Amino acid sequence: MDLGYLDDAAFAEQLAMSAIEKRGEGRRAVAETLRKRGIPRDVAEAALAELPDDDAERALEFARTKVRGVDGKDFDASLRRLAGQLARRGYPSSVALSAAKTALSEAGIGRSRSFGRPASGVRFTPDD
């Protein structure tokens, strides 16, 4: 008997939109939230299908807000930190890495050394 007290589809849609708009989560994190709340798989998939396909934009927006927290660190550490934060928010690794690189670049945090030089700063010169 369906009394209409709980509407799984409406609840799933509300949870999904809240996760995206308020917490800036990616699709994977939204799917996990729905699963933990006991939303049936077919209802969760329908709610996810209705979400906007703008993970890259939301990831970049989130990275821009977090880039201030990595200021003063070297590029590689900042990149790892930002990409990790994005990955924990449920963004795919390629999206997280791209957004982190873009946000760091916009903030003026770039690679300070070339790939040819060792990280230790020690230089070896050939004997003549």
Side-chain angles (χ1 to χ4, degrees):
M1 176 159 79
D2 185 14
L3 299 176
Y5 292 131
L6 292 176
D7 182 351
D8 284 343
F11 184 54
E13 185 178 331
Q14 180 184 13
L15 282 174
M17 291 307 290
S18 174
I20 290 222
E21 292 174 355
K22 294 180 181 168
R23 294 188 305 269
E25 293 181 349
R27 287 180 177 277
R28 272 193 323 218
V30 173
E32 183 64 17
T33 298
L34 295 175
R35 187 192 66 75
K36 286 181 180 178
R37 290 296 193 106
I39 303 296
R41 180 181 221 134
D42 60 326
V43 175
E45 288 175 359
L48 289 169
E50 291 182 23
L51 293 177
D53 190 23
D54 61 349
D55 269 2
E57 293 170 27
R58 282 183 289 108
L60 180 55
E61 185 177 315
F62 179 79
R64 285 175 175 148
T65 65
K66 296 297 181 180
V67 78
R68 290 182 292 271
V70 299
D71 199 21
K73 297 180 179 6
D74 74 339
F75 177 81
D76 292 332
S78 299
L79 182 61
R80 280 192 307 273
R81 181 177 232 174
L82 272 179
Q85 288 176 350
L86 289 161
R88 287 187 294 278
R89 290 259 177 206
Y91 293 102
S93 59
S94 62
V95 171
L97 192 58
S98 176
K101 284 180 180 178
T102 301
L104 289 170
S105 174
E106 290 175 356
I109 302 172
R111 288 194 182 276
S112 60
R113 63 186 192 283
S114 66
F115 287 108
R117 291 177 38 197
S120 67
V122 176
R123 293 185 202 164
F124 295 96
T125 57
D127 291 335
D128 289 324

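Values in this document were obtained by computation on a predicted structure and should not be read as measured data.
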Gap separating the CG atom of Leu79 from the CZ atom of Arg81, nearest 0.5 angstrom: 12.5 Å

Chi angles and distances behind the side-chain contact (heavy atoms from CB on, under 4.5 Å) call for Glu50, Met17: CA-CA 10 Å; Glu50 291 182 23; Met17 291 307 290; over 6 Å; no

Atom pair CG (Leu60) and OH (Tyr91), whose distance is rounded to the nearest 0.5 Å: 10.0 Å

For Pro92 against Asp55, the heavy-atom pair lying closest together: CD-OD2, 4.1 Å

Inter-residue atom distance Arg28.CZ - Arg88.CZ, 0.5 Å rounding: 12.0 Å

Pairwise distance CD(Glu13) to CG(Leu34) - rounded to 0.5 angstrom: 11.0 Å

Stepwise side-chain contact (heavy atoms from CB on, under 4.5 Å) test for Ile20 and Arg27: CA-CA 8 Å; Ile20 290 222; Arg27 287 180 177 277; 5.6 Å; no

Gap separating the CD atom of Glu25 from the CD atom of Glu32, nearest 0.5 angstrom: 10.0 Å

Shared hydrophobic cluster, Leu51 / Val95 (ILVMFWY, side-chain heavy atoms < 4.5 Å): no

Over all atoms of both residues, closest heavy-atom pair of Ala47 and Ala12: CB-CB, 3.9 Å

Straight-line distance of Arg58 CZ to Leu86 CG, nearest 0.5 Å: 11.0 Å

Pair Val30-Leu15, side-chain contact (heavy atoms from CB on, under 4.5 Å): steps then yes or no: CA-CA 8 Å; Val30 173; Leu15 282 174; over 6 Å; no

Single-linkage hydrophobic cluster Leu97~Phe62, side-chain heavy atoms < 4.5 angstrom: no

Hydrophobic cluster membership, Leu82 vs Ile109, 4.5 Å side-chain cutoff: yes

Polar side-chain atom of Thr33 near backbone of Ala29 as donor-acceptor pair, under 3.5 Å: yes

Donor-acceptor contact below 3.5 Å, side chain Arg23 vs main chain Arg89: no

Glu106, CD atom: more than 12 neighbouring heavy atoms under 6.0 Å: yes

Presence of salt bridge, Arg64 and Glu61, under 4.0 angstrom: no

Test item: Ser18 side-chain N/O and Gln14 main-chain N/O as donor-acceptor pair under 3.5 Å: no

Asp53 atom CG, neighbour heavy-atom count above 12 within 6.0 Å: no

Ala96 versus Ala87, closest heavy-atom pair with distance: CB-N, 4.2 Å

